[in-house]
Amino acid sequence: MTDDELADDNPAERAQAARLREQARAGGLRFEVYLISEIADWLLAQIERGRFADPSEAVFLIVQNFIEMEQHRDLRDELLRRTLDASIERGLEDAKAGRLHDAAEVFDELRRELAKPRPEPARWEKIAR
């Protein structure tokens with residue numbers, strides 16, 4: 001798989017992106033984002049600290065940062081390699097210390113969690129200044 005391919009590639013979404021590009025070039029793009037609770041918590045904490053004015057600004061700056069990092073794929077790949085190496089090392093340390101879980105039990109717990117009803121997500125409302 002290349003950098004341009006996605007595991008969950010959806011041709012209809014690619015076609016929609018192609019149809020919207022000219023309009024977006026002229027007037028920008030507005031869309032809704034769902035963030036899992038851990039990411040939403042991080043983002044809201046950043047807004048509380050004044051790092052971002054609102055979720056829209058955060059997405060803008062994070063995407064801008066991602067675009068700028070594309071020019072430095074070697075650095076991005078090295079960071080990813082180090083992150084994965086550290087994760088593997090932690091996993092090996094857990095295994096040596098006996099902190100292991102039976103795979104069947106883990107998957108059963110995941111199925112139970114996924115079957116639970118999800119609470120309604122919080123919605124950010126733009127406040128006029």
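Residue indices begin at 1 and follow the sequence shown.
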Using the rule that two of Ile, Leu, Val, Met, Phe, Trp, Tyr join whenever any of their side-chain heavy atoms come within less than 4.5 Å, decide whether Phe60 and Met69 are in one cluster. no
Min side-chain heavy-atom separation Asp41-Glu38 under 4.5 Å: no
Any ion pair linking Arg81 and Glu78 (charged N to carboxylate O, less than 4.0 Å)? yes
Taking atom CZ of Arg30 as the centre, report whether more than 12 heavy atoms of other residues, nucleotides or ligands fall under 6.0 Å from it. no
For Pro11 and Asp9, the nearest pair of non-hydrogen atoms, with its separation, is CD-O, 3.8 Å
dist Leu80:CG -> Arg73:CZ (nearest 0.5 Å) comes out at 13.0 Å
Heavy atoms of other groups near Arg82 CZ, more than 12 under 6.0 Å: no
Would you check if the side chain of Thr83 reaches a backbone N or O of Leu79 as a donor-acceptor pair within less than 3.5 Å? yes
Can Glu93 and Arg99 be counted as an ion pair, charged N to O under 4.0 angstrom? no
Do Phe66 and Val59 belong together in a cluster built from hydrophobic side chains that touch within less than 4.5 Å? no
Any salt bridge linking Glu113 with Lys116? Criterion: basic side-chain nitrogen under 4.0 Å from a carboxylate oxygen. yes
Residue pair Gln46 / Glu57, side-chain heavy-atom distance below 4.5 Å: no
Closest approach of Ala24 to Leu29 (non-hydrogen atoms, all atoms of both residues): CB-CB, 4.4 Å
About how many Å separate CH2 of Trp42 and CG of Leu35, when rounded to the nearest 0.5 Å? 10.0 Å
Would you name the heavy atoms of Arg118 and Tyr34 that are closest together and state the gap between them? NH1-OH, 4.4 Å
Enter the distance from Phe107:CZ to Glu109:CD here, rounded to the nearest 0.5 Å. 12.0 Å
Give me the atom names and distance for the closest heavy-atom approach of Leu43 to Ala58. CD1-CB, 3.2 Å
To the nearest 0.5 Å, tell me how far Asp94 CG sits from Glu89 CD. 11.0 Å
Does CD belonging to Gln64 count more than 12 external heavy atoms closer than 6.0 Å? yes
Could you state whether Val106 and Leu92 fall into the same hydrophobic cluster, counting links through intermediate Ile, Leu, Val, Met, Phe, Trp or Tyr residues with side-chain heavy atoms under 4.5 angstrom apart? no
Side-chain contact test, heavy atoms from C-beta onward, threshold under 4.5 Å: evaluate it for Ser87 versus Arg90 and give yes or no. yes
Hey, could you give me the CG/CZ distance between Leu20 and Phe31, rounded to the nearest 0.5 Å? 12.0 Å
Distance, nearest 0.5 Å, that separates CG of Asp54 from CD of Glu125: 12.0 Å
